[in-house]
Structure formats: structure tokens, C-alpha cells
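Have a look at the structure below, then the notes.
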Amino acid sequence: MTRVLIPSGALGLGYDADALAAGIAAKPDIIAIDGGSTDSGPHYLGTGTSKYSRASTKHEWRGLMMARAVANVPLVIGTAGTCGTDSTVDWLLEITKEIAAETGQNLKIASLKSNQSAAKITDALAVGDISALPAAPAIDTDIIKSCTNIVALAGAEQIQTALATGADIIIAGRTTDTAIIAALPLAQGCHAGAAWHGAKIGECGALCATNPQSGVILVDFDKDGFTITPMAETSCATPQTVFAHMLYENSDPFILFEPGGHLDVTAAKYLALDDRRVRVTGSKWVPAPDYTVKLEGARLAGYQSVVIALLRDPRYVANARVWCADIVEKCTAKTSERLDLASEEFNIELRLIGDNATLGPLETAPTKSHEIGILGIVTANSDALAREIAKLLNPYLLHHPLTQSEEQPTFAFPFSPAEISRGAIYEFCLHHVLRLDDPLQAFTLTVEDIGNA
Amino acid sequence: MHRLGGIVEKIRSKNAGPFWLTIDIFCGSDAAFETVSKALKTGQVADVFCAQRDSIKRFDIPDLCVIKFSLPRPTVQGSPQDRDMHGASYGALLADLEI
């Protein structure tokens, strides 16, 4: 049997300290936590930075490093620093060294890096080793070269190689959410379907149970299945909460693709062992003929400045869409003229908060607001240009009249200056898989000893 | 005719990666599941999102009283056109469907 302790769905989200202590008392074989996701958008992969604060990350990581020292088992994090680039692996490694020095720990640390060079990826594209996943955008050599970061998602094999070094702590770049949990059970001969299925159920911590904020869960893997036990006394796993987690952020609740194959849970059975624990059997792992890893890439998509204005006058609230369309038309013409720009070199968009800012043209609900927020978004090829165009937009949002004949109106601006630079913006541009001859070929593993050891 | 949001317990939408959107309709009871499973047509869901009918994956899961739809995201997550980074609000459109 392999016992995996999962402190929470992501480092930075917090965990219940008592529940973590209970998990350590249960003598796990490994502690595994996810460090990221694409869910917060392309900025993090584009810039190679973390979404969570350094202070919060260090506080929680220190708690896990202290727990690891008590348990004397490996601690592994996947997708370190939100995006799992080489830069965020280095960022967490630096934090780890600080904590080790502050707490007097001697440690062997393995770093697994997932960044891919554009040259290797364009070569792979040329020889047909890259395949598009459903709904992938079109790619070519130029798009690949324009990426600021490309990462490959490591699977269980790369984590197993890192574990085999005898490292106390493994800081992995981009991995699948499940790989860090499935790796040890698979290496120790547990049921492969159960290893991947239990990893998927456990990857968000206690989200597969009641009181998900408590975070900490324990997953026991064996030859036939797996058992989920929440570590907080207030948290209960039921067959429903466990099965329902297969819905979460999955386009298919029964099939999950991983490097080297896929998980099929169509025939899985979920059994309540008591009112808090669930046993799952019948999950199936289907190996694939080719070993592929998913790629993620982000690239610069321009620079933005935003302006916020507020309409409270009932006549302007009632006619906000007409008013905005007129401003976009006039301001676009003035921008082209004053800055000598072609219309495709910039974009001015006004979103109506309180009308359809969330869903845009898909919105069906009637507007009932007594006020409308105008979110003006300017996109251009440089930060300075985006700000300049936002300054051209400013007087329209402050004074533009619905009709020529009326007295000049004035609207509410919450800030001075009205324009706010968002700097560089990024976009996701890869949804593809890369075929590998050897699972390690796209990843770099480094081992170092820190402290006085 | 009934408003879908008035029959079911909860409708949740989320990203399933940057390029896919997934919507889970938690019916809350066997009776509601039976009703919605029969009455809600995949074509209606496609129309709400201006999507192609055959681009939508549908899963009717009686054990959970859940009906799940997945489709290519109406705009790629975080692209300049995107308005909802986490795909959190698309479920509201289904709640307003009449069945």
C-alpha cells in the first residue's frame, strides 16, 4: 500500500494546520501538493511568475517542510509557482533554501524543469511530432518562436526519476496535476487505474469532500483500488462528493488523458466505508502506443490601458449602448488621425458593467441597473501608445453628449489619472501534444544538497 | 414551460483548460434529473453559446443527478476578447433557458 498525503489543492490556498498534523500522524509515504494551473490566465506563463504572494507561499511551504521533516518522507510540488516555468522553479528553490537556512534543515533537493526551447519545438513540428488537441488554435513556426515560455507537462515517469534520486524535496516545473500523486503508487506496484484515478480525485485536496477549505486529505493506494480519507474532523468524503470531483474542470468526467495513456473510470465503483471515507475500485488505465506530453505556451498579445467611468444619469444609463458605440467610432477616427495609425494597429473597446460586461453578445437578460460602469479597454503595440490612446479616450468618457443640442454633460471618474496601464498582455497559443522517444528527453533534472550535510 | 434555473439545484461553469468550457447542471433529485435529461436538448445549449451542435459533448449521469456539457470556449481564456477568465458566468445563460 502507498499512502499519499495531500495538504491542499494548491500551495498558496492555505490548509488546516490541525488536519495536516493528523495527516503526518497517519505516517504517509509521501507529501504531494500542486503549485499551479492555467486557470488564472496567460499572464503567469507569459511572464514566468507566480500568482500567489511570496510571503504566503513561503509561510505555507515552511509548514510543509517542517511537516516533511517530522514524517521523514519526500515532499513533492508540481507546477511550482503557478505556471511551472524554469523561473518559478528557481523562485521556489530560493524560498526553500531560505527556509532551510532559517530552520537548520539539511536537505537533498531535486529540481525538475519543464521549459522547452522554441527551436526544439519548431523542429518537432517539422518532423510531425506535434499534434493538435481538440479546439487547438492553428500554429506555425512564427507563433512558436514568439512564445515567451513553452512548457511541457511532465507525467509520472519524470517524477519517479526525481524520487529515485532519494531527494527529500522535489520542486517540479509544469506537471499534470495528477502526476505528483500517482508517481509513487505506480512505482510501488499499486493498481495503475487506481493510481491515476485517486490522483485525480485528490489533486484539489479536500475539494472532493465536504468542508473543502480544510484542504488536507489522505489517499491510500493498493493493488485493487484507493481509499479517500479527509484529515479535518469536519470534512467527510461520500461516494457522491468523490465521484462529483471527476466533473471539476474536466471536459470529460470519465476519460482523462495523461502522458503515456489514459484513465477510464466508466466502470468505477464508489463505496462508503463509513460516513467519512470512500473506497473506489474498477478504474482502468489504458496505455497508449506513443508517449506524449501536453504543451502550453504563451506569447505577447500587445499592451493595454484601461479607463473606468460611471454613468448615473438615467437618460445616459438608458442609452448607454448607443452612447458607447458613438464614442468608439469617434475616438477610433480621432486616434487614426492624430497618431497616424491604421485601424488594425490599435483597438478601443467599451464594456458596459451592469449591462453585458460579463457575457457580451451572448447576454440575454434585460438591463435593470440604475447605473452603468464603463470599462474602456485600449490595446496597442506599446505601453506608451496604449496610454496615449487612453488619454484620447478620456475626454469622451468625461463629457460626450448623446445629442449635439444638449448642454455638455460630465460623468463620474473614480480615479485621477483616469487611465490605468495594464502593461504587456499575453495569450495562450498552444493546445498540443509532443511525442517523445524517452519521457526524460524534454525535461531537466538537477539534484543538490543544501545545508551542512 | 419552466426556467431551468428554477428546476435544478445549481448550475456551475468552469474552464476545462484554456480552450474548453464545461458546465455542470446539478439537478438535485432523481425527478428533476429525469425531467431535465428528457426536456433539455443539446441544440438549445448550442444556440445559447452560438456553437455548433456537434462541437458539444454531453454527459447525462444519473448516479450524480448531473447533466454535463463541454464545448470549445466561446473565446479562448485570457485572450483580448475574453470577459470571464475562469469561465465562471456562462452557467447563468443556461439557468435562463425555458424547458
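Chain identifiers are assigned alphabetically (A, B, ...) following the order of the sequence lines, protein sequences preceding nucleic acid strands; residue numbering begins at 1 within each chain. Just so you know, these numbers come straight off a predicted model, no measurement behind them.
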Any chance NE2 of H86(B) has more than 12 other-residue heavy atoms, nucleotides or ligands included, within less than 6.0 Å?
yes
Atom CD of residue position Q213(A) - does it have more than 12 heavy atoms of other residues, nucleotides or ligands inside 6.0 Å?
no
Could you check whether [Y] and [X], counting side-chain N and O atoms only, form a donor-acceptor pair closer than 3.5 Å?
X	Y	answer
E419(A)	S305(A)	no
T49(A)	T47(A)	yes
R299(A)	S146(A)	yes
S37(B)	D60(B)	yes
S70(B)	T22(B)	yes

Region of [X] in contact with chain B, defined by heavy-atom distances below 4.5 Å:
X	answer
N347(A)	neither
I425(A)	side chain
Y270(A)	neither
L45(A)	neither
S37(A)	neither
T379(A)	neither
E296(A)	neither

Taking every heavy-atom pair that is under 4.5 Å apart, which of [options] has the most such pairs with chain B?
options	result
G41(A), G360(A), P253(A)	P253(A)
P239(A), A301(A), A136(A), A244(A)	A244(A)
A135(A), P361(A), A365(A), G302(A)	A135(A)
T364(A), N250(A), L133(A)	N250(A)

Heavy-atom contact with chain A under 4.5 Å, split by part of [X]:
X	result
F19(B)	both
Y90(B)	both
D82(B)	backbone
R12(B)	side chain

Considering only NZ, NE, NH1 and NH2 on the basic side and carboxylate oxygens on the acidic side, decide whether [X] and [Y] come within less than 4.0 Å.
X	Y	result
K14(B)	E249(A)	yes
E98(B)	R3(B)	no
E349(A)	R83(B)	yes

Report the option among S79(B), G78(B), G87(B), A92(B) that has the most heavy-atom pairs separated by less than 4.5 Å from atoms of chain A.
G78(B)
With chain A as the partner, which of I61(B), L64(B), D96(B), V48(B) has the greatest number of non-hydrogen pairs under 4.5 Å?
L64(B)
Atom OG of S283(A) and atom CG of D264(A): how far apart are they, to the nearest 0.5 Å?
9.0 Å
